[in-house]
Amino acid sequence: METLIQATGEAIRLLFRFDAELRGILALTLQVTGGALFLAVLLGVPVGAWMGLRNRVPLAGCLLPLIYTGMGLPPVVVGLFVYLFLSNQGILGDLRWLFTPRAMILAQTIIALPLVIGLTLTAVQAVDPAVRLQVQSLGATRWQLTWAVLSEARQGMLAAIVAAFGSIISEVGAVMLVGGNIEGQTRVLTTAIVLETRKGNFALALALGIILLSLAFITNWALYRWQGVKR
Amino acid sequence: MNASYHLEEITHWYGERQVLSVAQLQIRSGEILALVGPSGAGKSTLLRLLNFLEWPTGGRLYFGDHLVTPALSLEQKRRVVGVFQRPGLLHRSVVANIGYGVQLRGRVPDPSLLQQWLDRLGLGPLAQQAAAKLSAGEGQRVALARALIIQPDVLLLDEPTANLDPYNVGLIEQIVREEQAQRKMTVVWVTHDLFQARRVAHRVALMVGGQIVEVGEREAFFNRPQSEVAAAFLRGELVYG
């Protein structure tokens, strides 16, 4: 308990100092998570929406179980596969991305993508069929109908983005494997917390943990507020 | 009187199941036709064909002079609007819902017209409220206002007053009759309520088992049914196709 209190005090001092190392870790975390989320949303929202808008999803029998399995992918397994693909012997070895932020973004995109697709698909399918019927009956074109359905599904789609963000900002296994936790290059909040805890630097680990939690809270709060305004 | 719709040998199938077989039906321009019949008779399916939401599997359906096919122009499709048992309101305010059909047509809803419809349907104080928070009756009034503000040539009603209280039923019937009388709009009203059919319709058509078994002027239909099936239906006996 004493250690925790001391560590908390030290963590608060570190947070107020907000030195270059801390700023660097935070910036890289935002870059990696933001980049992965951007790519996952860019690819996942159109795919999920397209599947949700169709009465029958092509190859639904195998595609949907694959997506739902992907929603629960163990990050460390994703990290392992990305590592093998990007390693010198791997088919993407020539890219020389291993132990760079690009590899981390790739791994986190793979983790987030099924979540975005699956939850977007569910959100679009959950739109009340009475709304579709009524919009069609009011004389909507195909595009107007699509837009109306997506607009009705926006809260569920936002939940998909929030869930994807939550899963990758807190993820450690994949980024540790493919990033290597290199100081100043691939060290993000989660990998830094693991390292500092192992070194016994509980104050720094705790400070990083507080930042991570704050970051998650602020992002979710902002999205919740935006959702509230839109509602 | 011009025919608003003309149906010839219409058949409609869902997979292996035939749901409609209408040899002939004329829906006159400017009339209120009540479509009655037991559950599963094909009334709602027929309404979907009249609303161009589905295309008949066989036969010919004419809308005015136009043969109805998937190539029917958007302009023609937009002359017809439906209001269904569930109002299908968007997650927007009441006033935004009412103006939605106008927006779909690329126009900005006229604020004075919106206000007029809000007042007429007793929705004025609810204008800015989220539509999702409305009661069933209020929601259905919004759906009706949203349809009528467009001034359609044909209004299709699929049991819009089912499960509503007498006040809302009365108000919806009154508004539809007023608009119909004023603009000579064609109305096809699917209802299970024979009293409602008698209150609102000029003519009544009875559907059983996907077929129109009798069509007649209101008083003739109720007082002098021509077929045994219609007489049995009016006596309150269940009729199966």
Side-chain angles (χ1 to χ4, degrees), chain A residues 41 45 48-49 52-58 60-61 116 119-163 220 222-231, chain B residues 44 47-54 70 72-93 96-107 129-133 136 139-140 142-158 160:
Chain A
V41 169
V45 168
L53 284 165
R54 293 181 70 96
N55 290 333
R56 285 186 190 150
V57 177
V116 176
L119 294 178
T120 301
L121 162 69
T122 308
V124 173
Q125 282 181 336
V127 171
D128 187 351
V131 171
R132 288 191 194 211
L133 180 68
Q134 188 63 72
V135 170
Q136 266 183 292
S137 175
L138 283 164
T141 61
R142 201 187 180 92
W143 283 111
Q144 285 174 325
L145 176 64
T146 302
W147 182 249
V149 172
L150 294 183
S151 172
E152 286 297 294
R154 64 182 181 266
Q155 289 185 31
M157 286 158 70
L158 192 65
I161 297 169
V162 170
N220 284 312
L223 288 169
Y224 176 78
R225 291 283 301 173
W226 184 70
Q227 194 177 359
V229 169
K230 286 279 181 184
R231 194 183 300 150
Chain B
S44 296
L47 217 65
R48 290 170 71 87
L49 297 188
L50 301 179
N51 204 170
F52 319 124
L53 299 171
E54 292 177 27
L72 188 72
S73 72
L74 188 62
E75 187 191 352
Q76 292 301 323
K77 286 181 194 169
R78 284 181 168 174
R79 292 173 61 198
V80 181
V81 172
V83 175
F84 304 93
Q85 192 172 346
R86 289 171 60 217
L89 300 179
L90 301 159
H91 283 96
R92 301 177 183 198
S93 68
N97 266 280
I98 294 177
Y100 181 69
V102 180
Q103 274 187 320
L104 285 180
R105 284 152 178 77
R107 303 196 300 266
Q129 190 170 311
K133 292 178 180 165
Q140 204 56 281
V142 172
L144 185 66
R146 180 172 59 182
L148 290 176
I149 199 172
I150 295 164
Q151 299 200 318
D153 291 336
V154 179
L155 178 67
L156 304 171
L157 301 168
D158 193 355

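There is no contact between A/Val127 and chain B, counting heavy-atom distances below 4.5 Å. Residue B/Ile150 touches chain A through its side chain alone, counting heavy-atom pairs closer than 4.5 Å. For a residue to count as touching a neighbouring chain, one of its non-hydrogen atoms must lie under 4.5 Å from one of that chain's; by this rule B/Pro87 touches chain A with the backbone only. Looking at B/Leu89, only its backbone comes within 4.5 Å of chain A, counting heavy atoms on both sides. Using a 4.5 Å cut-off between heavy atoms, B/Phe52 does not touch chain A at all.
Ranked by non-hydrogen atom pairs under 4.5 Å with chain B, the options A/Arg132, A/Gln134, A/Gln136 are led by A/Gln134. Annotation: maximal heavy-atom pairing with chain B below 4.5 Å, among A/Pro129, A/Ser137, A/Ala130, occurs at A/Ser137. For chain A, the option among B/Arg79, B/Arg105, B/Gln85 with the highest count of heavy-atom pairs below 4.5 Å is B/Arg105. Of the listed residues A/Ala140, A/Gly139, A/Ala148, the one with more heavy-atom pairs under 4.5 angstrom with chain B than any other is A/Gly139.
Under the 4.5 Å side-chain criterion, counting only non-hydrogen atoms from C-beta, A/Leu133 is not in contact with B/Arg86. Under the 4.5 Å side-chain criterion, counting only non-hydrogen atoms from C-beta, A/Ser151 is not in contact with B/His91. With contacts defined as side-chain heavy-atom distances shorter than 4.5 Å, the pair B/Arg78/A/Thr141 qualifies.
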